[in-house]
Amino acid sequence: MSHTSYTALTRDQIAERAAQDIPDGAYVNLGIGLPTKIAQYLPDDKEVFLHSENGLLAFGPPPAKGEEDPELINAGKEYVTMLDGGSFFHHGDSFAMMRGGHIDICALGAFQVAANGDLANWSTGAEDAIPAVGGAMDLAVGAKKVFVMTNHTTKTGDPKIVSKLTYPVTGKNCVDRIYTDLCVIDVTDKGLAVTEMVDGMSFTDLQALTGAPLINATK
Amino acid sequence: MSHTSYTALTRDQIAERAAQDIPDGAYVNLGIGLPTKIAQYLPDDKEVFLHSENGLLAFGPPPAKGEEDPELINAGKEYVTMLDGGSFFHHGDSFAMMRGGHIDICALGAFQVAANGDLANWSTGAEDAIPAVGGAMDLAVGAKKVFVMTNHTTKTGDPKIVSKLTYPVTGKNCVDRIYTDLCVIDVTDKGLAVTEMVDGMSFTDLQALTGAPLINATK
Amino acid sequence: MINKAEKSITDVLSQIKDGATIMIGGFGTAGQPAELIDGLINLGVKDLVIINNNAGNGDHGLAKLLKTGAVRKIICSFPRQSDSWVFDELYRAGKIELELVPQGNLACRIQAAGMGLGAVYTPTGFGTLLAEGKETRHIDGKDYVLEYPIKADFALIKASKGDRWGNLVYRKSARNFGPIMAMAADVTIAQVSEIVDLGELDPEHIVTPGIFVQHVVQIQPASTEPASDESTSTAATA
Amino acid sequence: MINKAEKSITDVLSQIKDGATIMIGGFGTAGQPAELIDGLINLGVKDLVIINNNAGNGDHGLAKLLKTGAVRKIICSFPRQSDSWVFDELYRAGKIELELVPQGNLACRIQAAGMGLGAVYTPTGFGTLLAEGKETRHIDGKDYVLEYPIKADFALIKASKGDRWGNLVYRKSARNFGPIMAMAADVTIAQVSEIVDLGELDPEHIVTPGIFVQHVVQIQPASTEPASDESTSTAATA
């Protein structure tokens with residue numbers, strides 16, 4: 001297979017790209033790992049409210065060294081701070097925010113995304129794996145928009161965007177947009193619509209790296 | 001029908017009698033009307049926590065004249081005060097206390113009580129009546145013990161304690177004890193057990209004023 | 001900058017259209033958003049569905065709204081009161097629909113909506129007229145009635161203090177339905193006695209986080225000055 | 001005089017017997033009632049069912065409890081962590097039963113227990129392995145799974161301050177499961193950093209009203225003094 005010459009986005013660049021689509025005033029939950037990086041790229045002229053499942057709204061950047069508080073952590077168990085106007089609440093209210101449709105956007109990592117928006121990100125289904133799910137299923141069904149952030153393929157080059165999940169599902173028909181190191185894809189009723197590709201990427205090559213039919217919706 | 005000579009309890013005396021059965025540390029909801037009077041007869045050496053459905057725990061006696069606060073009222077819309085150690089909460093938590101079995105005792109008025117503990121106190125079923133239920137059904141199913149306080153008969157002499165309700169039910173099998181102006185009755189698996197009668201009352205006469213079979217359990 | 005503090009009750013209520021479902025906070029008059037209700041009356045919208053614990057008292061507030069004929073249906077637990085004559089007359093004349101709900105079911109159905117639940121099995125009302133025709137189930141030795149969420153297009157509530165992000169704290173028994181209604185409505189409009197600067201409300205003490213509140217209007221405390229049209233609300237300075 | 005303040009962790013925990021179902025607060029270590037867990041380990045009860053968000057970290061606290069073999073089953077949302085080796089080993093050896101519950105379902109099932117609901121329809125987990133075999137229902141255009149309450153004999157939680165009536169306030173993200181677990185257990189035991197006089201906690205700021213709390217134990221802040229047997233708890237003076 002011949003490749004055109006393109007440069008994949010770094011993890012930080014994926015986060016930076018996704019951050020551009022977070023509107024002013026949005027209530028946003030950032031999943032553990034890559035999605036968390038979005039916080040670093042939110043522009044200063046916007047007020048975005050970060051929610052953490054363990055009972056924080058409007059938390060801020062990590063504390064200065066030496067000022068860490070073991071009772072002020074986010075869902076990833078990282079130290080955070082609170083912004084003026086932030087609030088604490090219990091797990092019941094926190095998941096009411098998620099399940100009840102009050103979170104505008106959540107950004108999640110993925111093992112696989114299917115063409116219909118099914119998401120797999122909690123279990124590889126491996127026999128000996130210890131399962132763990134946390135709040136992923138709540139975010140998948142509850143957030144108004146679900147953004148997925150992922151490398152376009154696995155380390156071994158297998159597509160992560162597929163016609164049908166082979167990994168156990170986290171949430172059905174829940175993904176709205178996919179940010180990969182190669183492109184941005186909207187999950188639409190008509191299928192997976194590619195709206196942006198990295199410089200040098202051709203639609204044909206992108207399709208070859210993808211396990212489901214794509215629609216070219218780039219301008 | 002010949003009567004022995006007895007003196008029925010006043011409303012205050014019924015409340016005073018019921019108050020004796022409220023143990024130290026009990027969480028208690030007092031219904032509107034006669035049950036509210038219990039508060040006046042709770043002994044000073046006990047700490048009893050009064051709950052009001054509109055979001056108060058450990059409220060206290062009425063305020064001094066001129067110190068009424070329109071935002072500090074009980075379920076009967078009467079002015080109250082708060083004790084040190086009292087708390088405010090929303091309706092969700094307030095009814096979780098009731099429905100969730102956290103209230104030890106509620107005292108309610110009644111139109112009728114049936115031999116199996118069915119309670120009618122929200123509607124006479126009259127055709128033109130405007131219905132209203134409030135929190136009565138929640139207390140009936142939720143409180144650990146339901147005390148009923150009522151005159152033994154209606155103003156026209158009809159029994160209020162009956163074999164089967166003729167008025168619409170508030171809660172099924174929910175009443176534990178009945179305090180009337182004539183006696184105290186425990187609702188048991190075997191039937192209505194009279195544990196106390198007013199001075200001068202005979203069991204035969206009490207039975208004649210009652211629409212359901214009584215068991216004489218007086219000592 | 002996100003600023004949910006609004007200057008004009010008239011402006012903020014203008015998004016409410018005929019046929020809207022509206023939750024109104026309050027238990028009796030405690031926590032009743034009187035100025036917002038007056039604004040709703042002035043707005044002149046019709047065919048409303050109102051959710052409130054009661055059905056109005058006397059001739060003002062909710063009762064006045066009912067009297068204008070704007071309300072098609074009311075969902076409440078305790079309509080009949082000594083001073084509920086406006087509702088009583090409409091009800092007897094068949095001019096208003098009543099859905100009578102036990103107070104705790106009203107609360108937990110509102111909570112179910114806010115929490116995103118599809119339905120709940122509640123013990124309250126089992127075997128009563130208010131559960132007639134409803135699905136029931138015996139679970140773990142006890143009987144329950146299946147009840148569905150109560151959602152609303154708007155919630156009009158009263159709080160004590162708010163900030164420009166919509167965070168709210170309440171005062172005493174005026175809290176009642178406010179926090180759970182704010183969670184169950186698409187758009188929550190809170191009237192407050194004071195809009196404070198961001199950060200003035202302690203994050204440990206905030207009862208309703210701003211995520212549940214879309215608009216906050218400060219109501220000028222009653223004064224002896226003659227009221228002009230806009231004088232019931234003042235600009236937020238936060 | 002009602003005094004829920006207890007002097008000795010050992011005494012207050014002694015009511016817990018083999019086979020008990022116990023909720024333990026905390027999200028990671030924030031809000032984890034470390035001293036109560038140590039007390040539970042020292043108590044030596046067996047055959048426990050534990051409800052917690054996680055399944056222990058490192059070799060102390062909940063992980064240490066698991067390691068003693070005292071836990072028959074754990075109900076949690078996120079057992080697998082980089083330092084969950086104690087649980088991992090027990091699970092792989094088939095020595096502990098796991099009920100994996102999405103975190104929000106864990107929360108709302110605990111809430112359902114506290115609220116006295118028989119069951120709830122939740123959208124979370126629909127169509128996934130975690131809903132296999134569970135009843136489902138399509139309501140108003142959306143799919144839901146029927147989930148039942150999670151109750152407990154005991155809840156062990158950590159709060160910041162408490163009083164002799166059991167009123168509690170929490171600190172920052174240590175609040176997490178504490179308030180809802182307190183509502184769902186027959187007996188709630190709270191460890192606090194400080195027991196204050198009645199009335200010192202503002203009634204507007206109390207997060208868990210005392211009705212949900214049966215015992216409060218003050219944990220002495222870590223000091224450089226050598227620890228004696230009872231030194232982790234001090235007498236309440238309220």
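To find a chain, count down the sequence lines: A is the first, B the second, and so on, and within it residues start at 1. The structure presented is a predicted model; accordingly, all values stated were derived computationally and were not measured.
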For residues Lys161(D) and Ile195(D), determine if any side-chain heavy atom of one lies less than 4.5 Å from a side-chain heavy atom of the other. no

At a heavy-atom distance under 4.5 Å, which candidate from Val101(D), Ile110(D), Asp143(D), Leu129(D) has the highest pair count against chain A? Leu129(D)

Using non-hydrogen atoms only, which part of Leu106(D) is less than 4.5 Å away from chain A: side chain, backbone, both, or neither? neither

At a heavy-atom distance under 4.5 Å, which candidate from Gly28(D), Gly125(D), Ser84(D), Pro79(D) has the highest pair count against chain A? Pro79(D)

Toward chain A, the part of Phe177(D) with a non-hydrogen atom under 4.5 Å: both

CD/Gln40(A): more than 12 non-hydrogen atoms of other groups inside 6.0 Å: yes

Gln103(D) vs Phe78(D) side-chain heavy atoms within contact, under 4.5 Å: no

Is any side-chain heavy atom of Asn105(D) less than 4.5 Å from a side-chain heavy atom of Asp138(A)? yes

Highest number of heavy-atom pairs under 4.5 Å with chain A: which of Ala107(D), Ala30(D), Pro102(D)? Pro102(D)

Counting heavy-atom pairs under 4.5 Å with chain A, which one of Thr29(D), Leu130(D), Thr122(D) comes out on top? Leu130(D)

Option that, when pairs with chain A are counted at under 4.5 Å, heavy atom only, ranks first among Ile180(D), Asn53(D), Leu100(D): Leu100(D)

Of all heavy-atom pairs between Cys76(D) and Asn54(D), which one has the smallest distance, and what is that distance? CB-O, 3.6 Å

Do other residues, nucleotides or ligands put more than 12 heavy atoms under 6.0 Å from the NZ atom of Lys142(D)? yes

